[in-house]
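Following: one structure in structure tokens, then a few remarks.
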There are 2 protein chains.
Amino acid sequence: MAERRGAKVASIVAAAWDLAHREGIGGVTLHGLARAVGMRQPSLYAYFDSKNALFDAMFADGNRQLLERLEAVRLPREPRAALKAFMRAFVRFVVEDPTRYLLLFQRPVPSFVPSPASYEPAQQFLARTVELLRAAGVEDLGDIDCFVAMIAGLVDAQIGNDPGGRRWIRHLDRLIDLYIDDAIQRRSHDR
Amino acid sequence: MAERRGAKVASIVAAAWDLAHREGIGGVTLHGLARAVGMRQPSLYAYFDSKNALFDAMFADGNRQLLERLEAVRLPREPRAALKAFMRAFVRFVVEDPTRYLLLFQRPVPSFVPSPASYEPAQQFLARTVELLRAAGVEDLGDIDCFVAMIAGLVDAQIGNDPGGRRWIRHLDRLIDLYIDDAIQRRSHDR
DNA sequence: GTCTATACATCGATAGAC
DNA sequence: GTCTATCGATGTATAGAC
């Protein structure tokens, strides 16, 4: 049965996340991970071809968690409320696990480049965001860029300067309104 | 003469920046740096007590460059225009050298913590920004937080996704207006 | 699949001669 | 101040027995 093997791989990835939470992403070493799962370091190569493959599995796992979470969100019919609900869920996902956010969105491991397959869910998330933005009246590509950058700036500041708090993310709803209103106003002005 | 020594230290720091530009901050090793300046690795310890001391010297040097640049900016009398000129200079400083930005504002070296003396100019910069924001009518601490986070999000997106381009930073002026107007409007509303 | 043993590389830091 | 020599730690990866 290949099921056994898959379960084992999943448990190793889970242990890797646990290790990353305690020691930071850079603290994830094959020696440490092997110790955490009760194995010797070379034995890990039965499950991952390289350390990069391990990171890629973690990256894919994190993206899977993200999509799973966002797909579970009940979106209101009203476009603006839907966008807010969606972004709130994203922000909650991010701040509840800064380490995961770092690996998924900040590339803290210079040598690691995610494979296209692992990267695809992240693009899916961005596409969904753009879709909701458009529905809410933000269609200009520049406006979308600004919105995405603003969200990133907000969560970065939150995680970097006030982890566990709400100093920055408490402004999320208000800023969303600000950006949407501005985009709509400028769109009507351009006509 | 201690001048000679100071000049040598400065030239080593300059070589370290050069190395960082080519190999990334993480690629700055004492072996590589020594090779770049025509020395052997242990000889660097005549100028820096540790690798941390080297990073601290680079950090201080980068902050000195930042203050030097910003102090040279001629600020218009009108507060809003002054804020824009100041932030434009900051953004220009940042995008012209992403590596320097990384070391100064992103802490890409987990083990490195800047000394208080090296960190002070960065606080000076933030204080000046807050001062200009206040003069332009942004006084609420939450509004200041949001503004700073927005700027950071903008330059992060620019450097990360379109280095050398202007896709994000071209919106700088407009976004500054947006934030100022909103802050002023909400301030008058609260009364 | 898991182990022991080990190769191989990188890097920071120290000792001591000159 | 600069050198040679070397230590010691860390970390990825491979070889080969079981």
Side-chain angles (χ1 to χ4, degrees), chain A residues 1-59 99 103 107-115, chain B residues 1-59 99 103 107-115:
Chain A
M1 273 213 201
E3 291 300 324
R4 280 269 172 268
R5 182 187 170 81
K8 183 89 184 196
V9 168
S11 78
I12 294 176
V13 169
W17 278 120
D18 195 58
L19 194 58
H21 292 143
R22 292 199 313 271
E23 316 273 350
I25 295 284
V28 176
T29 69
L30 296 182
H31 282 98
L33 177 57
R35 195 180 324 121
V37 296
M39 292 172 67
R40 303 293 177 165
Q41 175 254 349
S43 305
L44 289 175
Y45 282 83
Y47 301 98
F48 303 97
D49 290 340
S50 66
K51 192 179 183 184
N52 232 286
L54 168 68
F55 278 132
D56 203 49
M58 295 176 73
F59 186 84
T99 301
L103 182 61
R107 293 305 136 71
V109 186
S111 63
F112 164 60
V113 179
S115 64
Chain B
M1 271 213 202
E3 290 302 325
R4 280 268 172 270
R5 182 188 169 81
K8 184 89 185 198
V9 168
S11 79
I12 294 176
V13 169
W17 278 120
D18 194 59
L19 194 58
H21 292 144
R22 292 198 312 269
E23 315 274 349
I25 295 285
V28 176
T29 69
L30 295 183
H31 283 95
L33 177 57
R35 195 179 326 119
V37 297
M39 292 171 68
R40 302 293 177 163
Q41 175 253 349
S43 305
L44 289 175
Y45 282 83
Y47 301 98
F48 302 97
D49 289 340
S50 67
K51 192 181 183 183
N52 232 287
L54 168 68
F55 277 133
D56 203 50
M58 295 175 73
F59 186 84
T99 302
L103 182 61
R107 293 305 136 68
V109 186
S111 62
F112 165 60
V113 180
S115 64

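Numbered from 1 within each chain, the chains take letters A, B, ... in sequence-line order. It should be emphasised that the depicted structure is a prediction, and the values quoted were computed from it without experimental measurement.
Rounding to the nearest 0.5 Å gives a distance of 8.5 Å between CG of A:Leu30 and OG of A:Ser50. Atoms CG and CE, from B:Leu33 and B:Met39 in turn, are 9.0 Å apart once rounded to the nearest 0.5 Å. Between atom CD1 of residue B:Ile12 and atom CG of residue B:Leu54 there is a gap of 8.5 Å, rounded to the nearest 0.5 Å.
Between the CG atom of B:Leu44 and the P atom of D:dG1 there is a distance of 13 Å, given to the nearest Å. Between the C1' atom of D:dT4 and the CE atom of B:Met39 lies a distance of 14 Å, rounded to the nearest Å.
Residue B:Arg22 qualifies as enclosed at atom CZ: its count of foreign heavy atoms under 6.0 Å is above 12.
Relative ring orientation between A:Phe59 and A:Phe112 is described as perpendicular, the plane-to-plane angle rising above 60° on a 0-90° scale split at 30° and 60°.
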>> Base contacts versus sugar-phosphate-only contacts with protein, heavy atoms under 4.0 Å: please encode nucleotides 4-18 of chain C as B, S and - from 5' to 3'.
In response: BB-----BBBB----
